[in-house]
Structure formats: structure tokens, C-alpha cells
Amino acid sequence: MRTLILAAAALLVAGPALAGPVTLKANPVDVDGQVTFGDVFDGAGSAAGIVIGARSGPSVVFEAGSLQALARQSGLSWANPTGLRRVVVRHAAVAPAADAAAPAVEAASPAPAPVRPVSRRAAYADRIISRNDIVEVIYEAAGMRLAITGRAEGNAAEGQRLAIRNLQSGRVFDAVAVAPGRAIAGPAGQDLRPQQFAAR
């Protein structure tokens with residue numbers, strides 16, 4: 001948040017750039033830890049070099065509303081047509097290659113492992129996520145992939161449903177365990193979820 005506030009202040013001082021409508025890149029990446037409009041959007045024009053945040057790890061997450069506000073302050077217009085809540089920008093060295101035919105999405109994560117249906121009994125012997133584990137959840141819908149970090153509210157074996165609490169909003173949603181520390185949600189998760197659920 002401090003990074004976004006500083007970036008917003010810098011944009012106010014610099015004044016708006018003469019640009020226009022922009023589209024979110026299919027796979028936003030940066031190479032030097034300084035995230036610019038040009039790293040995130042196609043069509044940023046003269047605003048492409050404006051720094052909007054710093055990445056200290058393998059990725060940095062921007063709230064979509066804050067990103068829209070920063071864009072407006074520089075004369076850019078991002079409509080967010082798919083209603084994304086967050087945009088993930090990854091280091092170019094570790095980000096997966098974007099599919100040129102894919103629509104604009106939030107930064108892609110590695111494809112989830114194949115899901116193997118399991119019985120209720122296996123929930124204990126083959127448990128891959130335990131209550132209070134920190135879990136990376138991939139939300140997939142209409143060609144969009146969004147990474148969310150949450151805390152497991154129960155236990156689950158591979159292919160089983162569990163409740164995840166969003167660490168930022170506090171809201172609880174359903175997901176399907178696919179690997180240790182990883183789950184998938186959204187329509188893709190509904191397709192994968194078996195009828196047996198993990199005990200909580």
C-alpha cells in the first residue's frame with residue numbers, strides 16, 4: 001500500500017500523460033523490480049515509463065481499483081472489462097510465456113496438477129492441505145486466471161473441497177485442493193470437484 005501511495009504522489013507531481021484507453025497485458029512482467037505502466041498495459045504511450053510500484057519478490061499484486069486510479073491520474077483509461085479484483089505482475093525470468101491467442105488475464109500461474117478423485121477415508125491418510133495452512137488459490141473463469149492467497153478453514157486430500165478464507169477481505173469461499181498449498185476455485189473448480197468432501 002505504501003508503494004501505491006508513493007506512486008500516486010509521484011504521478012500527481014508529474015502531471016497526466018497524454019494517452020488514452022489501454023488494455024491489460026496477457027502476462028504482465030517486469031525485469032528490474034520497477035513496475036511501470038508499460039509493464040502492465042498495452043497502449044500506454046508516453047506514460048509507459050512511469051513507475052507505479054516496486055517488486056521485491058517474485059511477484060507484486062495490485063488491487064484493480066488502485067491500478068485504475070493510478071492510470072486515470074496519468075491520463076490512461078482501463079475499463080477492466082472482465083471485472084478483475086487484482087493484477088499480479090511477475091519477474092520476467094520466472095513468469096510463464098503468454099499465449100498470443102489468449103485474452104488479457106491476470107498474471108498466469110502454472111497449470112494445476114490433474115485432479116484425482118479420492119474417498120472420504122483418504123482425507124486423513126492422503127491429506128495435502130491442513131486447517132490453517134496458507135494456500136495459493138487459482139481462480140479460473142472465461143479464460144481468466146487470478147492468484148489469491150488464503151488460509152485453509154479445513155482439511156482436504158487431493159480433489160476434495162475445502163473452505164478458504166481470503167487473507168485480505170476475510171471472506172470465505174470454496175475451492176478444490178490440487179497440490180500441497182494449492183487449490184483451484186471458480187467454474188474450473190466446480191468441474192473438478194468430486195462428490196466426496198474432506199472432513200473439517
Side-chain angles (χ1 to χ4, degrees), residues 1-7 24-30 33-35 39-40 52-70 78 80 82-96 98 102 104-115 123 127-193 197-198 200:
M1 182 59 70
R2 182 182 178 187
T3 299
L4 292 179
I5 292 173
L6 292 175
L24 184 67
K25 288 191 173 183
N27 185 33
V29 298
D30 77 279
Q34 298 296 308
V35 181
D39 295 326
V40 178
I52 59 173
R55 176 188 49 75
S56 58
S59 64
V60 60
V61 179
F62 293 88
E63 294 293 333
S66 298
L67 191 58
Q68 281 184 307
L70 291 175
W78 175 44
N80 191 10
T82 57
L84 303 181
R85 295 179 60 188
R86 295 177 181 84
V87 174
V88 181
V89 180
R90 301 184 185 277
H91 189 282
V94 298
V105 298
E106 292 199 38
S109 295
V115 174
R127 182 183 301 171
I128 59 175
I129 294 177
S130 298
R131 184 180 181 86
N132 292 325
D133 281 356
I134 299 301
V135 181
E136 180 187 34
V137 183
I138 304 301
Y139 180 91
E140 294 187 316
M144 175 188 73
R145 301 185 71 196
L146 169 65
I148 303 171
T149 300
R151 185 178 66 245
E153 295 289 296
N155 309 316
E158 184 179 352
Q160 289 189 314
R161 187 187 73 172
L162 77 161
I164 301 290
R165 183 176 297 275
N166 188 311
L167 294 180
Q168 295 191 1
S169 68
R171 297 182 62 181
V172 177
F173 58 92
D174 284 341
V176 176
V178 296
R182 294 190 63 207
I184 188 168
Q190 294 291 333
D191 293 340
L192 296 173
R193 188 172 63 197
F197 299 148
R200 300 188 182 183

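The chain is numbered in sequence order, starting from 1. Because the structure is a prediction, the values reported are computed rather than measured.
Remark: side-chain polar atoms of Arg165 are paired, donor with acceptor, to backbone N or O of Gly170 under 3.5 angstrom. Without hydrogens or angle criteria, Arg151 side chain to Ile134 main chain gives no donor-acceptor distance under 3.5 Å. The backbone N or O of Trp78 lies less than 3.5 Å from a partner atom in the side chain of Gln68, making a donor-acceptor pair.
Exactly one of Ser59, Pro28, Pro58 qualifies for a side chain to side chain contact (heavy atoms under 4.5 Å, CB included) with Val88. That residue is Ser59.
Residue Phe62 comes nearest to Gly53 through the heavy atom pair CZ-CA, 4.1 Å, listed as atom of the first residue, atom of the second, then distance. Annotation for Ala163 and Val172: closest pair CB-CG1, 3.7 Å, computed over non-hydrogen atoms. Shortest non-hydrogen contact noted between Ala152 and Ile129 is CB-CG2, 3.6 Å. In terms of heavy-atom proximity, Arg55 sits nearest to Val89 at CD-O, 4.2 Å. In plain terms, the two heavy atoms of Asn80 and Ala64 that are nearest each other are ND2-CB, 3.9 Å. When all heavy atoms of Asp39 and Val29 are compared, the pair lying nearest together is CB-O, 3.2 Å.
With contacts defined as side-chain heavy-atom distances shorter than 4.5 Å, the pair Val137/Asn166 does not qualify. Side chains of Val40 and Leu24 form a contact here, defined as non-hydrogen atoms less than 4.5 Å apart.
The line from CD of Gln34 to CD1 of Ile52 is 11.0 Å long, rounded to the nearest 0.5 Å. One finds the CD1 atom of Ile138 at 8.5 Å from the CD1 atom of Ile148 (value rounded to the nearest 0.5 Å). Put simply, OG1 on Thr149 and CD on Gln168 are 8.0 Å apart, with the number rounded to the nearest 0.5 Å. Taking CG of Asp174 as the start and CD of Glu153 as the end, the distance is 11.0 Å to the nearest 0.5 Å.
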